[in-house]
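These notes concern the structure reproduced below.
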Amino acid sequence: MSGSADTASVGATKAEFPEVPFAILNADGSCDPEYRELIDDADVVRVLQTLWLNRVIDQRFLKLQRQGRLGFYMTSTGEEATTIGAAYCLRDDDPIFLTYRELGALLWRGVPLEMLMNQLIGNGQDVNKGRQMPIHFCFRDWAVPSISSPVGTQLPHACGFGYASRLRGTAQVPLAFLGEGTASQGDFHTALNFAGVFRTPCVFVIRNNGYAISTPESQQTASESLAIRASGYGFPGIRIDGNDFLAVINAMGQAVERARGGGGPTLVEALTYRIGAHSTADDPSVYRSADEPERWRALDPLERLTAHARWRGLFSEEDERAWRESCEARISALVTACEAWPPPPLETLFQDVLRDPGLQLRRQRDRYLAYLRVREPDAHEVP
Amino acid sequence: MSGSADTASVGATKAEFPEVPFAILNADGSCDPEYRELIDDADVVRVLQTLWLNRVIDQRFLKLQRQGRLGFYMTSTGEEATTIGAAYCLRDDDPIFLTYRELGALLWRGVPLEMLMNQLIGNGQDVNKGRQMPIHFCFRDWAVPSISSPVGTQLPHACGFGYASRLRGTAQVPLAFLGEGTASQGDFHTALNFAGVFRTPCVFVIRNNGYAISTPESQQTASESLAIRASGYGFPGIRIDGNDFLAVINAMGQAVERARGGGGPTLVEALTYRIGAHSTADDPSVYRSADEPERWRALDPLERLTAHARWRGLFSEEDERAWRESCEARISALVTACEAWPPPPLETLFQDVLRDPGLQLRRQRDRYLAYLRVREPDAHEVP
Amino acid sequence: MSESKSMNMIGALNQALDLYLERETNAVILGEDVGHFGGVFRVTAGLQEKYGVERVMDAPLAEAGIAGMAVGMALGGLEPIIEIQFADFIFPAIDQIVNELAKYRYRSGAQYAPKVVVRTPYGGGIRGGHYHSQSPEAHFVHTPGLRVVFPSNPYMAKGLLLAALECPDPVIFFEPKRIYRASQGDVPLEYYTVPLDRAWTMRHGEDATLVAWGAMVPICLEAAALAEGEGYDIEVIDLASLAPYDSATVERSVTRTGRLLVVHEAPQTCGFGAELVAGVQDVVFPYLEAPLRRLGGFDTPFPYTLESHYMPSADRILFELRELIDY
Amino acid sequence: MSESKSMNMIGALNQALDLYLERETNAVILGEDVGHFGGVFRVTAGLQEKYGVERVMDAPLAEAGIAGMAVGMALGGLEPIIEIQFADFIFPAIDQIVNELAKYRYRSGAQYAPKVVVRTPYGGGIRGGHYHSQSPEAHFVHTPGLRVVFPSNPYMAKGLLLAALECPDPVIFFEPKRIYRASQGDVPLEYYTVPLDRAWTMRHGEDATLVAWGAMVPICLEAAALAEGEGYDIEVIDLASLAPYDSATVERSVTRTGRLLVVHEAPQTCGFGAELVAGVQDVVFPYLEAPLRRLGGFDTPFPYTLESHYMPSADRILFELRELIDY
Ligand SMILES: Cc1ncc(C[n+]2csc(CCOP(=O)(O)OP(=O)(O)O)c2C)c(N)n1
Ligand SMILES: Cc1ncc(C[n+]2csc(CCOP(=O)(O)OP(=O)(O)O)c2C)c(N)n1
Ligand SMILES: [Mg+2]
Ligand SMILES: [Mg+2]
């Protein structure tokens, strides 16, 4: 996977995105003055804090999983410039269609940590009623529809939501994330083709992190880029350095503006790297050498944005240390609190299939309760 | 749908197909001398005869359908340069994965007319045992796998067959046809992407005939061409005038050669037009004006190849008349003969689901036979 | 009393769509050829003209895209009504239907409840062969989170479709294309609904219970009439909703008759007939006079030339009834 | 007598694949992460190394492409063995499976008979939630033209997989991932097959018949052991093949016991339990002492936190058995 600047924009789409550079941040954290205005100082700090929070959570939750206190976890370490940067360019009511690797977008959006934690544990406080595996979030109040495991299914949803937004005049711009592996699914094709035909306001962001579990990008496509596919759907596709926060918000800002202004969809391919394992069920040492992630650490989006902040004179080492510690402390408190909640009540198992349970499910429920009454006569005082 | 020469080759694919022109035949039937060698005189005549046969069959079978003697029919009138031209470039054992609109390819391959007719009628002589709707051919001895109605499903089959061909060293090059509407299906994406990744020998030919039933091409995609999509899969895509027989065999010849030589897949988009209705169940007057097909008659591939033949001094009007008459006569004889065959025996209903019927199907069959014995004690002497 | 008119099922369905689009401005239609053309069976005829291309849309040829986009539209506040041109072509869309649409309310803790009505013509009897004849209802009945509904005549078609459109749950609405035009009947012109979740006793009888849905309902009524000629008194129930299904009505009936025959077009093995038999015998076991039986399609792909042997006929139903009653 | 070794199901499946790839040079493996990585459950570990990247291939992330390409490979003379990483993700491929693979032999008049073995881990009990727990067998049993096979222990896994690989029909081979490692047993090292189309009586008994497949077989054996403690004598049958299925063995058993309970993980409504109950009661009606029952998953999406309530347990089976026997 190469990240050189000459792949910045691709063929047919150039005309519509003449000014989107592949990368903006220089190695020393500086940037061309014209791009400095992309974000103000206060936001640089807020973004860096979010990045750090993301990373601290990843580390801590990995440990919790190893201790058997979380059933499952997936990190997004190394991909935060893309996930936070994309969310950064949205309005609060723009829906974000997520995969399982965009914690940063949720943190930026402001979803309270305890709500995330309750989902991860699947306790009775989880707004999803403990029904899905960890990481499969849904927070309607933050315009975050439900994550599902089958990859790519969210893409036509974003297209449809965009259509609804235009027809109903809400001016919302849905954003959908996907991994580069997911660009191989049929749903990728139909979603992008429908988005082109109906010119729906929406933005598709490919986190090209080099792997789909063990499968390298080279086995997903023979194409020189994924961004180029957009031309086959009649809208612009651009490839950017997904570890360069400024490059991300520059491209995303334009894509969102374009969608909001009636200009239709955009495909953004952000080159990044999955530093960690695919998930807590994965062991990457089987399929890649240990120094490959090490090489990518040099391009770590956190380091790069930190360098930029320092170049601006922001977020000193001391600030950083203090913030990290506060993150650690918040999370410790959080875990203790959230683990104390009981699981969702048994009733919830039978609710929300349809609005009201049908005859078959009611009978199954009654029978199960009859069993429980025999089995544990006192324990289950269920209606 | 435009057919101007400047769309001849598209973006990223130019480099690999530098010499494929959009069109070759001039309005007067002449062509640049370098292209004359694409086909010799004898073959020009054979192709023209096949084109005429195709057209006579279309006309006659449409009538048969209206008389209630055929359950269903679909014409390919106007698209024969593409269908015959593509088949012309193949070896006899190269499998052709068809849709329902490439009679010409079967005729060129030499499938006997009575075999086609038996399928259309679904009589007891049909090699497919009368199991499929008319037009859903399958002739293994002519390397024609089975056509199915769900559009696009044949595309990954071609890719897989190409893989098998390479691994087993048979050097067969599968050809798959599809309509431009079908390029919207998920199977299009997965098939072409897999073909790119595995660099399978195969050729995909889009008959871009402007419509998918009533839906115009403009509603299928916002892309400027379908050929351009190939670059998103890492192999060449070219757009040609599908009504120009020489342009078709020029492009197809190269694509097949490339595949056979290990160069991987090619996507060919042939611009043509569906002169007739979608099928005998369709009424195009509801969705397009009568003069639209009239305009396309001016670009009729039959007229254009005839002009070319005359330019070469071949296939006089007299030859044409005589050939047409012989076609008519052959078909009349054929229909009478094939209509006389009885339907497939009842036994065939229960065969070939698995190699041997399982217990459930055997019981169902026995029960049905018991019913028939009561119902018509003499009629059904079934084993 | 409200005015009514004799019409066929296509007309009745078209009316239901028209009334609903008029009443609910968030309702939209998406499908292949449903726009200007009005659908290959003309069920959506005239609607694009009336409600505009923004609300009645021709989709690109991709069922997965249609279903997936509809889920997103519903999340965004619209009420999409999609058409799958033939039920045989629902399979490319099945992942979006069973893994997304059906599970969305549950998995989001009811934060989101995308509501989509999937209309699709199903069934045999039109010489459509493998791919224009299938009856894939069992796949959807087996998927918690969906309703599955079948009208059997124009009155039911209009009322059930309006009920489906009002219903907050996703509905797979199977339209019996074989009787699209053949089934004719008086239909009120006004807006009305026929409740989902209910089976309908179409004919009372004491000797055996026949249960069917969609295009098999008139065939069962025909069989019951034939049976009457032989002195048998057959009850015929139109199940109408297969998920959830009104087993109570069937159980009450079988408690009286002691005999049940379920008739359907889909392959018998693992078809809905199995479900009904298993569910009903569990409850009415003490009242049974004979095994509960099903008459489905054979466990083969749907044939072409020999189609008439494949489809359950009134005569075959009679044969089965005789055996059940003489058991 | 041949040498054997104690191993788990993953090892047994891996051996079967290894032996078959060795013997049949046209056999190839295609799936997500099945190559160098050896599959997310390691069932294909070491095979790419041994047989090369041309025969053991990592596929792009698209189940429809995997299944569709496999059909084409089979048409071209190969014997593809594909892996769908989790059965929950088989739905994007279902059109290629039910409309193409299953119907190809029939529709071509047996001119072509593409043979593909689809391996896929299924089932709950691993805290996998909605999308890593489903048991979608009923969809495939209901599709004529497919075989559906479930191993329940390492010996069966190796023998059934080799039989599936030899079989000229397409086979959907469901692997009970919950007991991939937990199920341990002696497995002959040599090549052997266990016949498809046969049910296996795992335990003889006279009071009631328990039928299950895959991961529910050990649970049923556990329930039978518990029942023995209460004085009940339970017969346990491992159905192993669901399509076609050996109803004869079940019928013979129920003729003796008069009682049947089918246990499965998939949602109860329209699950395979319904088929078995419907099919068996038809034949053994005069011998029945109680309604035939099924214990399936609830008609809900597969849950996460409350998973243990969802999955049939030995204790719940016992509860059902008690009621059946006391009926
Ligand atoms: C339809 C489907 N098939 C397979 C899987 C199993 N699976 C989960 S994640 C994954 C890889 C996804 O790779 P990519 O899209 O690149 O995203 P990344 O994990 O790199 O963020 C696979 C194969 C799935 N979740 N859904
Ligand atoms: C999966 C699927 N969906 C819908 C149909 C119904 N259908 C048959 S042909 C057709 C249009 C195909 O258009 P195109 O691919 O352009 O081919 P053409 O008919 O123009 O040759 C449609 C929608 C189908 N056969 N398969
Ligand atoms: Mg990735
Ligand atoms: Mg077309």
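Here is how names work: the chains are called A, B, and so on, in the same order as the sequence lines, proteins then strands, and each is numbered from 1. Quick note: numbers below take in every heavy atom, side chains included, and nothing from hydrogens, waters or symmetry partners.
Within the 4.5 angstrom heavy-atom criterion, no atom of Asp282(D) approaches chain B. For Asn99(D), the part lying under 4.5 angstrom from a heavy atom of chain B is the side chain only. Both the backbone and the side chain of Tyr112(D) come within less than 4.5 Å of a heavy atom of chain B.
Annotation: maximal heavy-atom pairing with chain B below 4.5 Å, among Glu251(D), Lys103(D), Arg55(D), occurs at Glu251(D). Counting heavy-atom pairs under 4.5 Å between each of Ala74(D), Pro60(D), Ala59(D) and chain B puts Pro60(D) at the top. Note on Gln351(B), Lys129(B), Arg140(B), Gln154(B): by heavy-atom pairs under 4.5 Å with chain D, the leading option is Arg140(B). Ranking Ile147(B), Val353(B), Leu359(B), Leu354(B) against chain D, the residue ahead of the rest is Leu354(B), based on heavy-atom pairs under 4.5 Å. Chain D forms more heavy-atom pairs under 4.5 Å with one residue of Gln132(B), His136(B), Gln360(B) than with any other, namely Gln360(B). Chain B forms more heavy-atom pairs under 4.5 Å with one residue of Pro168(D), Cys167(D), Ala64(D) than with any other, namely Pro168(D). Among Leu155(B), Asp141(B), Leu167(B), Val197(B), the residue with the largest count of heavy-atom pairs under 4.5 Å with chain D is Leu167(B). Most heavy-atom pairs under 4.5 Å with chain D: of the set Asp126(B), Val127(B), Asp352(B), this distinction falls to Asp352(B). The candidate with the highest count of non-hydrogen atom pairs below 4.5 Å against chain B, out of Ala62(D), Pro144(D), Gly77(D), is Gly77(D). Ranked by heavy-atom pairs under 4.5 Å with chain D, the first of Ala164(B), Gly162(B), Pro357(B) is Ala164(B).
For Arg168(B) (side chain) and Gly76(D) (main-chain N/O), a donor-acceptor pair under 3.5 Å exists by modelled atom type. A donor-acceptor distance shorter than 3.5 angstrom exists from the side chain of Asp169(D) to the backbone of Arg355(B), with no hydrogens or angles considered. Tyr163(B) contributes no side-chain N or O that, together with a main-chain N or O of Met73(D), makes up a donor-acceptor pair within less than 3.5 Å.
A side-chain donor from one of Ser148(B) and Glu100(D) sits under 3.5 Å from a side-chain acceptor of the other.
When all heavy atoms are compared, the tightest approach of Cys138(B) to Ser108(D) is SG-CB, 3.5 Å. The nearest pair of heavy atoms linking Pro156(B) to Gln96(D) is CG-NE2, 3.4 Å. The shortest non-hydrogen separation linking Phe97(B) to Leu75(D) is CE2-CD1, 3.8 Å.
Separating the CG atom in Leu78(D) from the OG atom in Ser165(B) is a distance of 9.5 Å, to the nearest 0.5 Å.
Around CH2 of Trp341(B), the count of heavy atoms belonging to other residues, nucleotides or ligands within 6.0 Å does not exceed 12. Within 6.0 Å of the CD atom in Glu257(B), the count of heavy atoms belonging to other residues, nucleotides or ligands does not exceed 12.
Contact of the Tyr106(D) side chain with the Thr348(B) side chain is not registered, since no non-hydrogen atoms from C-beta on lie closer than 4.5 Å.
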